[in-house]
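Following: one structure in structure tokens, then a few remarks.
The sequence lines fix the lettering, A, B, ..., with proteins before strands; numbering per chain opens at 1. The structure presented is a predicted model; accordingly, all values stated were derived computationally and were not measured.
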Amino acid sequence: MIDIKFLRENPDLVRASQKGRGESVELVDLIIEADERKRAALSQFETLRQEQNVLSKSVGSAKGDEKAALLANAKELADKVKAADAERAKVEEETRQLLLQLSNLLDSDAPIGGEADFVTLEEIGQPRDFGKEGFEPRDHVEIGKLLGAIDTERGAKVAGSRSYYLTGVGALLEFALVNYAVQSALKNGFSPVIPPVLVNPAAMEGTGFLGQAAENVYRIEKDDVYLVGTSEVPLAAMHMDEILPVEKLPLRYAGYSSCFRREAGTYGKDTRGIIRVHQFDKVEMFSFCKPEDAKAEHKKLLQWEKDFLTAMEIPFRVIDVASGDLGSSANRKFDIEAWIPTQGAYREVTSTSNCTDFQARRLNIRYKDADGTKTVATLNGTLVAIPRMIVAIFENHQNADGSVNIPKALQPFLGMQKFEIV
RNA sequence: GGAGGACUCGCAUAGCGGCCGAGUGCACCGGUCUUGAAAACCGGCAGGUGAAAGCCUCGUGGGUUCAAAUCCCACGUCCUCCGCCA
């Protein structure tokens, strides 16, 4: 949620941001107009309420005829107050609903444009030349089968499309990735968290996932709860309605959880293998910090993501995601895309977003320092999303016979150097 | 799933329908005293909004009333007991 005061004072900045995202510019004017009505209704109500409070107090001490007269008066006033209050509530809700539709203000450095207009910030590592090595690389589905690591057929049989089993070394690899990720997160000042994945509507709405992203969220209607698509949701909502002590900032959590995504509207996209699935596990970094530190924190999250990819010995590039492709809470987003040999392309494996104070304002998370109480900034970043990392490791580290070399960083967690064919 | 009980300013508690946005203790912050600390004493101490007056918030939402922390209803959360179960 954008600060309404900021919007009142800088409507042009907000309009420009909406335009950059390809979202409604006139929403800004609707909000300004609603806000004016809201303030008028509020002041009307407050004036009447004050009158009523004064009158009510005088009733208590009055006697006899005088009291009867006051009561008659007060009764009439009470009706007016009730009407004014109803009007206030109505207009306030209208304003809030409009304000919730508004996306976060873009970072002025974010590239403007659609999905294709990203800017590549850097490319790290050299993709292997399989032609020179004299063999055709297998894709992760084939390798997964050879190693007994991934079973998509039985996944489909039991749970439908975009489902899979991780078996044998596939399951072991998940544990190794998680352990390595958590170990590095601890080094970087994160405290480990296993959050709930079933959350209430307030948590979902507060983190901004009930807006345009709603169609990708699983909802359990009977109990009015949602399955989270990322542990960003429970991690952000963890401190909902709290005031954090300034000396605790930055507050960093590394959440490990399953993530659930409906993948609505992606029919035919990445249907093979485990690149796009309904359920996967992920270690997510989440930071609460002072707004003035958010940009620097964002860089740190990105660095830790890069460190992870480097440790996995996988070639990757970093892109600065364009305005039209940002989530509504993000003011800037960097994606890391790993090289996938069989696709001859870089594919997203991690992503980090700076949500500034947008998400925290919805969730009412503040901090207190010497000059008062202010809204914190929140940031999130993927440390490792298991299936996509498995894809990248299998495809990039495969040998001609279908076996896969294990990156050095993971070897201590697996007790082997190589995944062999079964 | 069934039966009871509770929810007040960080914690613990007080609170008669108007004198309660709310007392007390502990914790915390500032000060006096002290070589320093403790103790003692003095002062401060929920949040939001507003330029201010004020307005709003006693789990949440509704209702009764001129007036609700206080009465009524619904929901939520927690606790105890019974049943079921990892």
Is the NZ or CZ atom of A:Arg88 positioned over A:Phe45's six-membered ring, under 6.0 angstrom from the centre and within 45° of the axis? yes
How far, in whole Å, is B:A74 from B:G4 if one measures between their P atoms? 13 Å
Which residue pairs pass the ring pair (Phe, Tyr, Trp, His ring centres under 6.0 Å) test when at least one of the two sits in residues 193-244 of chain A, sequence neighbours left out? A:His239-A:Tyr253, A:His239-A:Phe288
So what does A:Asn73 touch, heavy atoms closer than 4.0 Å: a base, only the sugar-phosphate, or nothing? nothing
Table please: side-chain donor-acceptor pairs of residues 409-422 of chain A below 3.5 Å, with sequence neighbours left out.
from: A:Gln411; atom 1: NE2; to: A:Ile406; atom 2: O; distance (Å): 2.9

May I ask which nucleotide in the shown strands pairs with B:A40, Watson-Crick or G-U wobble, both distances under 3.5 Å? B:U32
Pick the P atom in B:G61 and in B:C56, then give their distance to the nearest Å. 14 Å
For B:U34 and B:G25, measure between their C1' atoms and round to the nearest Å. 27 Å
Specify the residue among A:Arg49 and A:Thr373 whose closest nucleotide of RNA chain B lies further upstream toward the 5′ end. A:Thr373
Would you indicate what A:Gln52 reaches in the nucleic acid, counting non-hydrogen atoms under 4.0 angstrom: base, sugar-phosphate, or nothing? sugar-phosphate
Could you tell me whether the side chains of A:Arg49 and A:Gln52 share a donor-acceptor contact shorter than 3.5 Å? yes
Could you point out which residue of A:Asn104, A:Leu105, A:Thr378, A:Leu363 forms a side-chain contact (heavy atoms from CB on, under 4.5 Å) with A:Phe358? A:Asn104
Would you say that more than 12 heavy atoms from the other residues, nucleotides or ligands in this model lie under 6.0 Å from the CD1 of A:Ile194, or not? no
Specify the residue among A:Ser56 and A:Ile243 whose closest nucleotide of RNA chain B lies further upstream toward the 5′ end. A:Ser56
Which value, in whole Å, describes the distance between the C1' atoms of nucleotides B:A69 and B:C84? 39 Å
Tell me which residues in residues 28-36 of chain A put a heavy atom below 4.0 Å from RNA chain B, sorted by number, or none. none
With A:Tyr346, which residues qualify under ring-ring contact (aromatic ring centres under 6.0 Å, His included), at least two apart? A:Trp339
Does the structure show a Watson-Crick or G-U wobble partner for B:C66, both distances under 3.5 Å? Name it, or say none. B:G18
Any residue meeting side-chain hydrogen bond (donor to acceptor under 3.5 Å, both in side chains) with A:Asp3, in chain and number order, not counting sequence neighbours: none
Contacted region of RNA chain B by chain A, from 5' end to 3' end of the hits, cut-off under 4.0 Å to heavy atoms, spans B:G18 to B:A67
When both distances are under 3.5 Å in a Watson-Crick or G-U wobble arrangement, the nucleotide paired with B:C75 is B:G59
Between B:C45 and B:C29, how far is it from one P atom to the other, in whole Å? 16 Å
List the atom pairs, with distances to 0.1 Å, where a side-chain N or O of residues 295-312 of chain A and a protein N or O form a donor-acceptor pair under 3.5 Å, not counting sequence neighbours.
from: A:Lys295; atom 1: NZ; to: A:Asp107; atom 2: OD1; distance (Å): 3.4
from: A:Lys295; atom 1: NZ; to: A:Asp107; atom 2: OD2; distance (Å): 3.1
from: A:Lys295; atom 1: NZ; to: A:Asp109; atom 2: OD2; distance (Å): 3.2
from: A:Glu297; atom 1: OE1; to: A:Arg252; atom 2: NH2; distance (Å): 2.9
from: A:Glu297; atom 1: OE2; to: A:Arg252; atom 2: NE; distance (Å): 2.6
from: A:Glu297; atom 1: OE2; to: A:Arg252; atom 2: NH2; distance (Å): 3.4
from: A:Glu297; atom 1: OE2; to: A:Ser287; atom 2: OG; distance (Å): 2.7
from: A:His298; atom 1: NE2; to: A:Thr352; atom 2: O; distance (Å): 3.0
from: A:Gln303; atom 1: NE2; to: A:Asp307; atom 2: OD1; distance (Å): 2.8
from: A:Trp304; atom 1: NE1; to: A:Asn188; atom 2: OD1; distance (Å): 3.3
from: A:Glu305; atom 1: OE1; to: A:Thr350; atom 2: OG1; distance (Å): 3.0
from: A:Glu305; atom 1: OE2; to: A:Thr382; atom 2: N; distance (Å): 3.0
from: A:Lys306; atom 1: NZ; to: A:Glu122; atom 2: OE2; distance (Å): 2.5
from: A:Thr310; atom 1: OG1; to: A:Lys306; atom 2: O; distance (Å): 2.8

Complement of B:A12, any strand, by Watson-Crick or G-U distances under 3.5 angstrom: B:U24
Complement of B:A53, any strand, by Watson-Crick or G-U distances under 3.5 angstrom: none
Non-neighbouring partners of A:Lys282 that pass side-chain hydrogen bond (donor to acceptor under 3.5 Å, both in side chains), sequence neighbours left out: A:Thr230, A:Glu284
Report the residues that fulfil side-chain hydrogen bond (donor to acceptor under 3.5 Å, both in side chains) with A:Gln279, sequence neighbours left out, ordered by chain and then residue number. none
Spacing of the C1' atoms in B:A22 and B:G47 (rounded, Å): 14 Å
Provide the distance between the two P atoms, one in B:C20 and one in B:C55, to the nearest whole Å. 16 Å
Would you please name every residue forming a salt bridge (Lys or Arg N to Asp or Glu O under 4.0 Å) with A:Lys145, sequence neighbours left out? A:Glu153
Need one value for A:Arg88: base, sugar-phosphate or nothing, where a base atom within 4.0 Å counts as base even if backbone is also close, heavy atoms only. nothing
When we call it a touch if two heavy atoms are under 4.0 Å apart, what does A:Lys82 touch: a base, just sugar-phosphate, or nothing? sugar-phosphate
For nucleotides B:C28 and B:G10, find the distance between their P atoms and express it as a whole number of Å. 15 Å
Partner of B:U80 by Watson-Crick or G-U wobble geometry, both contacts under 3.5 Å, or none? B:A3
With a 3.5 Å limit on both atom pairs, tell me what B:C85 is paired to, counting Watson-Crick and G-U wobble, or say none. none
Does anything in residues 191-208 of chain A reach RNA chain B, meaning a heavy atom under 4.0 Å, and if so which residues? none
For residues 66-90 of chain A, which residue pairs pass the ring pair (Phe, Tyr, Trp, His ring centres under 6.0 Å) check, not counting sequence neighbours? none
